[in-house]
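In what follows, a structure is listed as structure tokens, so that the remarks can point back to it.
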Amino acid sequence: MRKPFLAGNWKMNLDRARSLALAKSLREKCGSRTDREVAVCPPFVYLDEIVRALAGSKIRVGAQNCSDEVEGAFTGEISARMLKDVGVSLVVLGHSERRHLYGESDALINRKVRQALVAGLDVILCVGELLAERDQGVTEHVVSRQLTKGLEGVDEPDLARVTIAYEPVWAIGTGRTASPEQAGEVHTYLRGVLAGLYTDATAATVRIQYGGSVKPDNISSLMAAPNVDGALVGGAALKLESFLPIVEYK
Ligand code: PGA
């Protein structure tokens with residue numbers, strides 16, 4: 001049984017006071033839920049404080065990126081080990097904004113995935129096609145490549161610490177959500193790719209989140225789609241009024 005996993009990606013939003021207030025409200029409202037997993041991914045500079053604000057609750061704290069290097073002369077970078085050191089337990093890697101705005105390649109993302117796992121962090125590995133790729137009918141090809149290359153060198157025990165997020169780029173921040181049918185199709189396909197890379201039994205344990213304009217009014221239908229095990233939420237994760245109903249979807 002895969003426990004639903006709802007994660008909020010705050011991106012480069014909020015400030016210190018609002019981040020802290022949101023974390024504290026979430027702690028109060030859903031900090032002891034054990035039937036689903038909840039995580040927030042604040043900007044780097046607030047991680048330490050948010051980890052402390054959520055300590056002792058069930059809400060996990062994730063980062064939005066990490067370096068592919070262990071340590072050294074890499075100005076501006078943050079290592080997976082540093083994240084672990086301040087109590088972060090999870091990192092989002094391969095987000096489409098990293099891939100498309102900052103030119104991150106599958107190979108770079110794979111190095112980050114392996115660094116994160118070695119440092120003891122869990123990983124949310126994002127995959128997703130551009131609108132032009134969907135229109136050309138190459139969605140499966142794109143997400144299969146991103147998944148396969150992203151997981152290169154990741155063995156079966158480590159895969160237990162990886163969640164996949166399917167985020168069609170055309171649905172991110174656009175208000176245009178994939179239909180539950182579209183999400184279900186790709187999620188089912190991705191699970192098949194995982195089965196080919198590992199085994200059927202292992203693939204059946206991996207959670208696959210959907211991301212892209214998830215809102216309180218579409219979460220239930222998305223979660224009802226086959227192989228959708230959670231959500232990676234951007235805009236709607238910035239306010240308690242919209243994130244809480246997503247966490248508490250029925
Ligand atoms: P959105 O972002 O919910 O604002 O579309 C999702 C994401 O990028 O993870």
Side-chain angles (χ1 to χ4, degrees), residues 4-14 18-19 22-23 26 36-44 46-47 50 59-66 88 90-104 109 112-113 116 121-131 133-134 139 142-143 146-147 150 162-180 182-184 186-187 190 207-223 225 228-249:
F5 185 9
L6 295 312
N9 172 11
W10 295 358
K11 308 192 180 183
M12 198 170 74
N13 291 300
L14 304 177
R18 284 187 294 162
S19 297
L22 178 54
L26 285 169
R36 40 198 72 172
E37 203 167 313
V38 180
V40 293
C41 303
F44 283 130
Y46 305 132
L47 284 170
I50 303 275
I59 302 174
R60 306 182 62 189
V61 181
Q64 301 169 19
N65 189 17
C66 73
V88 168
L90 171 80
V91 61
V92 176
L93 294 171
H95 190 278
S96 69
E97 286 147 21
R98 300 300 318 172
R99 290 179 189 270
H100 299 294
L101 301 177
Y102 298 98
E104 291 195 6
I109 293 160
K112 293 182 176 199
V113 166
L121 296 175
D122 291 358
V123 168
I124 296 178
L125 172 62
C126 305
V127 301
E129 82 287 3
L130 297 163
L131 183 57
E133 292 167 335
R134 174 161 283 262
T139 297
V142 171
V143 297
Q146 291 172 337
L147 186 65
V162 178
T163 296
I164 307 302
Y166 169 57
E167 300 205 307
V169 181
W170 47 271
I172 296 180
T174 57
R176 198 178 149 189
T177 322
S179 66
Q182 286 172 319
V186 180
H187 282 231
L190 286 169
R207 288 178 297 184
I208 307 178
Q209 296 173 320
Y210 168 79
S213 298
V214 173
K215 304 281 181 256
D217 63 3
N218 59 27
I219 182 70
S220 300
S221 56
L222 286 162
M223 290 302 297
V228 176
D229 309 310
L232 182 56
V233 186
L238 298 173
K239 289 197 169 129
L240 184 72
E241 306 85 86
S242 41
F243 192 53
L244 192 62
I246 291 174
V247 168
E248 295 184 329
Y249 81 90

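Both counts, for ligands and for their atoms, begin at 1 and track the order of listing. Just so we're clear, the structure is a prediction, and the values are computed from it rather than from any experiment.
- Just one of Gln209, His187, Glu129, Gln146 meets the side chain to side chain donor-acceptor pair (under 3.5 Å) condition when paired with Tyr166; it is Glu129.
- Contact analysis leaves Lys215 out of contact with ligand 1, as no non-hydrogen atom separation drops below 4.0 angstrom.
- Put simply, the side chain of Leu14 does not reach to within 4.5 Å of the side chain of Pro42, judged on heavy atoms.
- His95 and Glu167 are linked by a side-chain donor-acceptor pair at a separation below 3.5 angstrom, with hydrogens and angles left out of the test.
- Close approach of ligand 1 to Gly235 is summarised as follows: ligand atoms under 4.0 Å from at least one heavy atom of the residue are 1 (P), 3 (O), 4 (O).
- Listed by number with element, the atoms of ligand 1 under 4.0 angstrom from any heavy atom of His95 are 7 (C), 8 (O), 9 (O).
- Within the 4.0 Å heavy-atom cutoff, Ser213 counts among the residues contacting ligand 1.
- Side-chain atoms of Leu222 and Tyr249, non-hydrogen and from C-beta on, never get closer than 4.5 Å to each other.
- By the criterion of a heavy-atom distance under 4.0 Å, neither the backbone nor the side chain of Ala165 is placed next to ligand 1.
- Any N or O atom pair closer than 3.5 Å counts here, and Thr174 shares no such pair with ligand 1.
- In terms of polar-atom proximity, Gly212 is not counted as a contact of ligand 1, lacking any N or O under 3.5 Å from an N or O of the ligand.
- In terms of modelled atom types and a separation under 3.5 Å, the side chain of Arg98 and the main chain of Gln64 share no donor-acceptor contact.
- The ligand atoms of ligand 1 that sit less than 4.0 angstrom from a heavy atom of Asn9 are 9 (O).
- Short contacts between ligand 1 and Glu167, defined as distances under 4.0 Å to a heavy atom of the residue, involve ligand atoms 6 (C), 7 (C), 8 (O), 9 (O).
- Interatomic distance, Ile208 CD1 to Leu147 CG, rounded to the nearest 0.5 Å: 8.0 Å.
- Summarising the contacts of atom 1 (P) of ligand 1 with Ala7, Gly234, Gly175, the nearest heavy atom is found in Gly234.
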Donor-acceptor contacts, no H, no angles, side chain residues 233-245, under 3.5 Å, sequence neighbours left out:
unit_1: Ser242; atom_1: OG; unit_2: Ala236; atom_2: O; d: 2.9
unit_1: Ser242; atom_1: OG; unit_2: Lys239; atom_2: O; d: 3.3

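- Considering Leu101, Val127, Ile172, Leu130 as possible partners of Ser96, the one that fulfils the side chain to side chain contact (heavy atoms under 4.5 Å, CB included) test is Ile172.
- Residue-to-ligand polar distances place Lys11 within reach of ligand 1: an N/O pair is separated by less than 3.5 Å.
- In this structure, Gly173 has a heavy atom closer than 4.0 Å to ligand 1.
- Atoms of ligand 1 lying under 4.0 Å from any heavy atom of Ala171, numbered from 1 in the order shown and given with element: 5 (O).
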* Evaluate the side chain to side chain contact (heavy atoms under 4.5 Å, CB included) criterion for residues Thr163 and Leu125: first the C-alpha distance (whole Å), next the side-chain angles of each, then the deciding distance (0.1 Å), finally the verdict. => CA-CA 6 Å; Thr163 296; Leu125 172 62; over 6 Å; no
